[in-house]
Asker: 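Before we start, here is the structure in question, set down as structure tokens.
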Amino acid sequence: MMTRITLVLLLLVSLVVTVQAQAPLKTEVLHWPEGKAAAVALTFDDNVLSQLTTAIPELEKHGYRGTFFIVAQWLDLPASEEGLAVQWQQVARRGHEIGCHTYSHAFLTSLPEEALQRQIQDAKGIIEHWIGEGNCRMFRAPSATSPAAEKLIRELFPLNAVNLGRDDKVICTVPRTYGDVKRQIDQTIADRGIYLPIWHGVGADFTKISTEDFQHVLQYLDERRAVVWVATMSEVARYVGLRQQAVVSSEGGIHLVLPPGMDIKRFNVPLWLRTTVPAEWTTVCLRRGLSCAVVPTVAAPGGRIIDYLVAPGETWSIERYTPIDTTALKLTNVATASFDTPETLKTWTVISGKAQVADGVVRLENGSGLLLNDLQLADGQLRGRFRLTDDPALRKYACWAGLLFRVRAVWPANGYTGLFYELANQPEYSDFRPNRVLLWQQLGYKEPTWPNRLCGSGASEQPSGAWHTFEVTIQGDRLRYLVDGKLVFHLAGLDPAAGQVGLRAMNSAVEFDDIVVSRIEP
């Protein structure tokens, strides 16, 4: 009879990686993320009401986040009047940037030290009272400043010390019409520079742009997404600051060399790098530590290229990768899951949770059930199909379905030990990265330190209530995973030693049938 297994799956694979030597490759820092031509930060001054009622809703319709320079006095309110401050607090929580625009919109050119402290340092403290300590990173003065004011600003807002105009042409204006903005965006693209428009009101208030023109601006940025990076002002400053100071080194792997004394906490953001590889390298393994992402390269003059992110402190290597060709594999079936009777469980070990077999179904309960097959397998394949259930009672954090394969870990009663992978199919109702397949590398569930690393991730819509096929193949140190016949991702760097296969439940339930375990013959 057709067999169904109700549970949630996970793939666990033990891992030992040997980093192979590689020939020197040409690597450069991309001027802007993803190789885009220009950076745009949409900025606003004076926290006027139309920013809350019009500008922010329009930005969020397009997925953009703005930088809003706040006059702190207008948030320094009695408890009975905190409604406005709470609104800006929520704006910050939705990802918009809140900067400082002094305490009372005062001109800073001739203020004494005590007054400067009030306008800059106290203002920063008031804003961070609402949005969180350390979250007010940028400062904009209402007019010119004095040397004393500049010194204090640089001390309290180190990102303001980044010279945005050192290597880039910066356009910073107060545009009133869509036509003005469009021309300035086009000029910034031509200059490969930075555009910092300043608005106050949108559709109302003062120094305003009309709502219709503002909508056209956002639509035009949508059209230019391929060449324009739209970010907050601090994101632009951090990228530029790191790009200006970091040097790419290929000694012992690709990494960023920072100058002595650089404040890494301020600039701990990744830079986009581009590496040129030989023309025959159509697919590469992008490796960091124990993990390896397998990605295609893109044809370019002089070979092929790959663009990727590297943060300070990370070391990467790039190796040629040959994908698994399953059409050339000789597969021999060695096990099937036919849970027709409880006798079927004789070849399985219940590690955790409660396993019940009834009506051709095995169900793992208690939210984190784990079932391992006694079979030891090296190179092989696990395939079948699953159907995620849509039970509201099971919609908990990080609910998923996955597969167990080549498990070499030990599973004592008090927790997991050993090195293993978790492959998780996230349903659309998961609270954590829905409609994704995630491959985690973990070490020791109960260990004091638990390096939980995301080694692979791919989009894969798997609506609950519908059947989906899966196929995971491991050959040598390579893994290939398909859902519904579509490639989700490759992975390289797996330990070739034999291990077990199995199934696991985690905060959800899924039905399985047609499960087949095959061995790859030499």
Side-chain angles (χ1 to χ4, degrees), residues 29-70 95-97 99 101 138-145 159-160 162-241 243-244 272:
V29 176
L30 290 178
H31 200 75
W32 296 118
E34 301 179 89
K36 294 184 179 183
V40 172
L42 306 173
T43 73
F44 304 79
D45 287 359
D46 294 356
N47 43 312
V48 295
L49 186 59
S50 63
Q51 294 171 12
L52 290 169
T53 60
T54 305
I56 290 168
E58 291 295 333
L59 287 168
E60 292 179 353
K61 286 179 184 177
H62 295 260
Y64 298 131
R65 295 297 182 266
T67 298
F68 296 84
F69 289 95
I70 297 294
H96 298 275
E97 178 170 36
H101 200 45
M138 301 299 298
F139 181 91
R140 177 183 282 162
S143 64
T145 60
L159 290 180
N160 273 67
V162 174
N163 183 1
L164 296 179
R166 194 192 82 174
D167 304 317
D168 302 281
K169 183 175 181 180
V170 180
I171 299 177
C172 184
T173 64
V174 184
R176 300 295 185 91
T177 69
Y178 164 64
D180 292 339
V181 178
K182 182 179 183 298
R183 284 191 295 273
Q184 290 162 3
I185 290 174
D186 291 343
Q187 185 61 53
T188 302
I189 293 171
D191 294 336
R192 301 188 65 80
I194 303 170
Y195 182 37
L196 304 173
I198 303 173
W199 289 293
H200 294 80
V202 176
D205 301 311
F206 54 89
T207 321
K208 65 186 178 184
I209 184 173
S210 73
T211 301
E212 183 178 11
D213 275 11
F214 188 66
Q215 291 170 336
H216 286 321
V217 168
L218 301 181
Q219 291 167 3
Y220 188 63
L221 287 172
D222 286 346
E223 295 170 9
R224 308 296 280 164
R225 280 183 189 268
V227 293
V228 174
W229 176 42
V230 181
T232 65
M233 195 164 173
S234 68
E235 287 174 328
V236 174
R238 289 200 293 175
Y239 192 90
V240 171
R243 186 230 296 158
Q244 289 176 348
W272 279 88

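Small disclaimer: the values here were computed from a predicted structure and weren't measured.
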Asker: Are side-chain heavy atoms of Phe69 and Ile198 found at a separation under 4.5 Å?
Answerer: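 Phe69 does not reach Ile198 side chain to side chain.
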
Asker: So which heavy atom on Pro197 is nearest to which on Ala41, and how close?
Answerer: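 Smallest heavy-atom distance, with atoms named: CD-O, 3.3 Å.
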
Asker: Are any of the side-chain heavy atoms of Asp180 and Ile209 separated by less than 4.5 Å?
Answerer: no

Asker: Evaluate the side chain to side chain donor-acceptor pair (under 3.5 Å) criterion for residues His31 and Asp167: first the C-alpha distance (whole Å), next the side-chain angles of each, then the deciding distance (0.1 Å), finally the verdict.
Answerer: CA-CA 10 Å; His31 200 75; Asp167 304 317; over 6 Å; no

Asker: Could you work out, with side chain to side chain contact (heavy atoms under 4.5 Å, CB included) as the rule, every residue matching Thr232, not counting sequence neighbours?
Answerer: Arg65, Thr67, Glu97, Ser234, Glu235

Asker: State, yes or no, whether a side-chain contact exists between Gln187 and Arg183 at a heavy-atom distance under 4.5 Å.
Answerer: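 In short, these two side chains do not touch, never coming nearer than 4.5 Å.
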
Asker: Can you measure from CD1 (Ile70) to CG (Asn47) and round to the nearest 0.5 angstrom?
Answerer: 3.5 Å

Asker: Side chains of residues 199-207: which donor-acceptor pairs under 3.5 Å do they make with residues two or more places apart or in other chains?
Answerer:
unit_1, atom_1, unit_2, atom_2, d
Trp199, NE1, Pro175, O, 3.2
Asp205, OD2, Ser50, N, 2.9
Asp205, OD2, Ser50, OG, 2.6

Asker: Of all residues at least two apart in sequence or in a different chain, which pass the side chain to side chain contact (heavy atoms under 4.5 Å, CB included) check with Lys208?
Answerer: none

Asker: Specify the closest pair of heavy atoms between Thr177 and Asp213, including all atoms of both residues, with the distance to one decimal.
Answerer: CA-OD2, 3.3 Å

Asker: How long is the straight-line distance from CG of Leu218 back to CD of Glu60, given to the nearest 0.5 Å?
Answerer: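 Going from the CD atom of Glu60 to the CG atom of Leu218 covers 11.5 Å.
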
Asker: Between Phe139 and Leu159, is there a side-chain heavy-atom distance shorter than 4.5 Å?
Answerer: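 No - every pair of side-chain heavy atoms lies 4.5 Å or more apart.
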
Asker: Hey, does the side chain of His101 reach the backbone of Asp46 with a donor-acceptor pair shorter than 3.5 angstrom?
Answerer: no

Asker: When you measure from the side chain of Gln244 to the backbone N and O of Arg166, does any donor-acceptor pair fall under 3.5 Å?
Answerer: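 Pair absent, no side-chain N/O of Gln244 close to backbone of Arg166.
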
Asker: Show your working on side-chain contact (heavy atoms from CB on, under 4.5 Å) between Leu196 and Val236 and close with a plain yes or no.
Answerer: CA-CA 10 Å; Leu196 304 173; Val236 174; 5.6 Å; no

Asker: Report the relative orientation of the aromatic rings in Phe44 and Phe68; use parallel for angles under 30°, tilted for 30 to 60°, perpendicular for over 60°.
Answerer: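 It falls in the parallel class, under 30°.
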
Asker: Mind checking the CD1-CZ spacing from Ile189 to Arg224? Nearest 0.5 Å is all I need.
Answerer: 4.0 Å

Asker: Are Tyr220 and Val228 close enough, and set up right, to give a side-chain contact (heavy atoms from CB on, under 4.5 Å), and what steps lead you there?
Answerer: CA-CA 10 Å; Tyr220 188 63; Val228 174; over 6 Å; no

Asker: Please work out which of the three classes, parallel, tilted or perpendicular, describes the rings of Trp229 and Trp32, given edges at 30° and 60°.
Answerer: tilted

Asker: Say you draw a straight line from CE of Met138 to CG of Asn160; how long is it, rounded to the nearest 0.5 Å?
Answerer: 4.5 Å

Asker: Determine whether Phe214 and Leu59 make a side-chain contact, defined as any pair of heavy atoms from C-beta on separated by less than 4.5 Å.
Answerer: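 With C-beta onward as the side chain, the pair touches.
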
Asker: Under a 4.0 Å N-O cut-off, is there an ion pair linking Arg225 with Asp222?
Answerer: yes

Asker: To the nearest 0.5 Å, how far apart are CD in Gln51 and CG in Asp45?
Answerer: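 Answer rounded to 0.5 Å: 8.0 Å.
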
Asker: Could you measure the distance from the CG atom of Leu164 to the OH atom of Tyr239? Nearest 0.5 Å is fine.
Answerer: 14.0 Å

Asker: Any side-chain heavy-atom pair from Leu221 and His62 closer than 4.5 angstrom?
Answerer: no

Asker: Could you pull out the closest heavy-atom pair between Leu52 and Pro57, with the gap in Å?
Answerer: O-CD, 3.4 Å

